[in-house]
Student: 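Structure below; questions to follow.
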Amino acid sequence: MTAADVEAAIEAGIEDCEATVTTPRAPDPDHEDAHFAAVVVSPAFEGKSLVQQHQLVYDAVGDAMTKEVHALEIKTYTPEEYAEHGE
């Protein structure tokens, strides 16, 4: 699974979402340890706790979280939060 695949899954699974997914470390071709980092912005996070926001992202990635994605670092924002504090 590539960063683009993870990004597409997140954007397909969360309404009005913009995701940016990167690989924060070089992949090791000898191991199945795909590490990704995601910055996800969506109004769907409004009024939800951080745990609930991250659960939405994990749900969007689905079964790949247990098979193809070894680790996923997540930063979530509402559009307003991203405008104020985003990267």
Side-chain angles (χ1 to χ4, degrees):
M1 186 167 228
T2 67
D5 294 333
V6 176
E7 194 171 287
I10 294 169
E11 289 180 345
I14 300 174
E15 186 175 345
D16 295 326
C17 168
E18 282 189 41
T20 303
V21 177
T22 59
T23 51
R25 69 180 208 186
D28 183 346
D30 296 327
H31 296 92
E32 294 181 26
D33 64 343
H35 289 246
F36 299 98
V39 175
V40 186
V41 182
S42 175
F45 298 142
E46 190 71 44
K48 292 189 172 22
S49 71
L50 187 60
V51 170
Q52 291 170 322
Q53 292 174 22
H54 286 204
Q55 190 60 53
L56 287 173
V57 175
Y58 287 128
D59 289 347
V61 177
D63 288 341
M65 270 313 301
T66 60
K67 297 175 183 165
E68 300 171 72
V69 176
H70 178 77
L72 181 60
E73 175 187 324
I74 302 171
K75 292 183 181 179
T76 54
Y77 302 93
T78 64
E80 294 79 19
E81 290 169 337
Y82 190 74
E84 187 175 332
H85 304 288
E87 299 175 318

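Heads up: numbering here begins at 1 and tracks the sequence.
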Student: Check for a donor-acceptor pair, side chain of Ser42 on one end and backbone N or O of Glu15 on the other, with a separation under 3.5 Å.
Tutor: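 Confirmed, Ser42 side chain pairs with Glu15 backbone.
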
Student: Would a hydrophobic clustering, with Ile, Leu, Val, Met, Phe, Trp and Tyr connected at side-chain separations under 4.5 Å, put Ile74 with Val39?
Tutor: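 As far as the 4.5 Å side-chain criterion goes, Val39 and Ile74 are not connected within one cluster.
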
Student: Does the Glu81 side chain pair with the main chain of Thr78, one donor and one acceptor, at a distance under 3.5 Å?
Tutor: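 Yes.
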
Student: Going by side-chain contact (heavy atoms from CB on, under 4.5 Å), name the residues that satisfy it together with Ala64, two or more places apart in sequence or in a different chain.
Tutor: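 For Ala64 the side-chain contact (heavy atoms from CB on, under 4.5 Å) partners, ignoring immediate neighbours, are Met1, Val61, Glu68, Val69.
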
Student: Got a sec, which pairs hit side-chain hydrogen bond (donor to acceptor under 3.5 Å, both in side chains) with one end in residues 1-14, sequence neighbours left out?
Tutor: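 side-chain hydrogen bond (donor to acceptor under 3.5 Å, both in side chains) check on residues 1-14 returns Thr2-Asp5.
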
Student: Side-chain heavy atoms nearer than 4.5 Å, only ILVMFWY residues, links allowed to pass through others: does that put Met65 and Ile10 together?
Tutor: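 Result: yes, single cluster for both.
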
Student: At their closest point, which heavy atom of Pro43 faces which heavy atom of Pro79, and how far apart are they?
Tutor: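 The answer is N-CD, 3.6 Å.
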
Student: Determine whether Val6 and Ile14 fall in the same hydrophobic cluster, where Ile, Leu, Val, Met, Phe, Trp and Tyr are linked whenever their side-chain heavy atoms lie under 4.5 Å apart.
Tutor: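 Yes.
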
Student: Working to the nearest 0.5 Å, report the span between NE2 of His54 and CD of Glu73.
Tutor: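 Nearest 0.5 Å value for the NE2-CD distance: 9.5 Å.
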
Student: Identify the two heavy atoms, one from Leu72 and one from Tyr58, that lie closest to each other, and give their separation to 0.1 Å.
Tutor: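 It is O-OH, 3.9 Å.
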
Student: Name the orientation class of the two ring planes belonging to Tyr77 and Tyr82 (parallel below 30°, tilted from 30 to 60°, perpendicular beyond 60°).
Tutor: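 The arrangement is perpendicular - the two ring planes meet at more than 60°.
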
Student: So, do Phe36 and Thr22 sit near enough that their side-chain heavy atoms are less than 4.5 Å apart?
Tutor: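 Answer no - side chains too far apart.
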
Student: Output the distance between atom NE2 (His85) and atom CD (Glu80), rounded to the nearest 0.5 Å.
Tutor: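 It comes to 11.0 Å.
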
Student: In the hydrophobic cluster built from side-chain contacts under 4.5 Å, what are the other members alongside Val51?
Tutor: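 Val51 shares its hydrophobic cluster with no other residue.
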
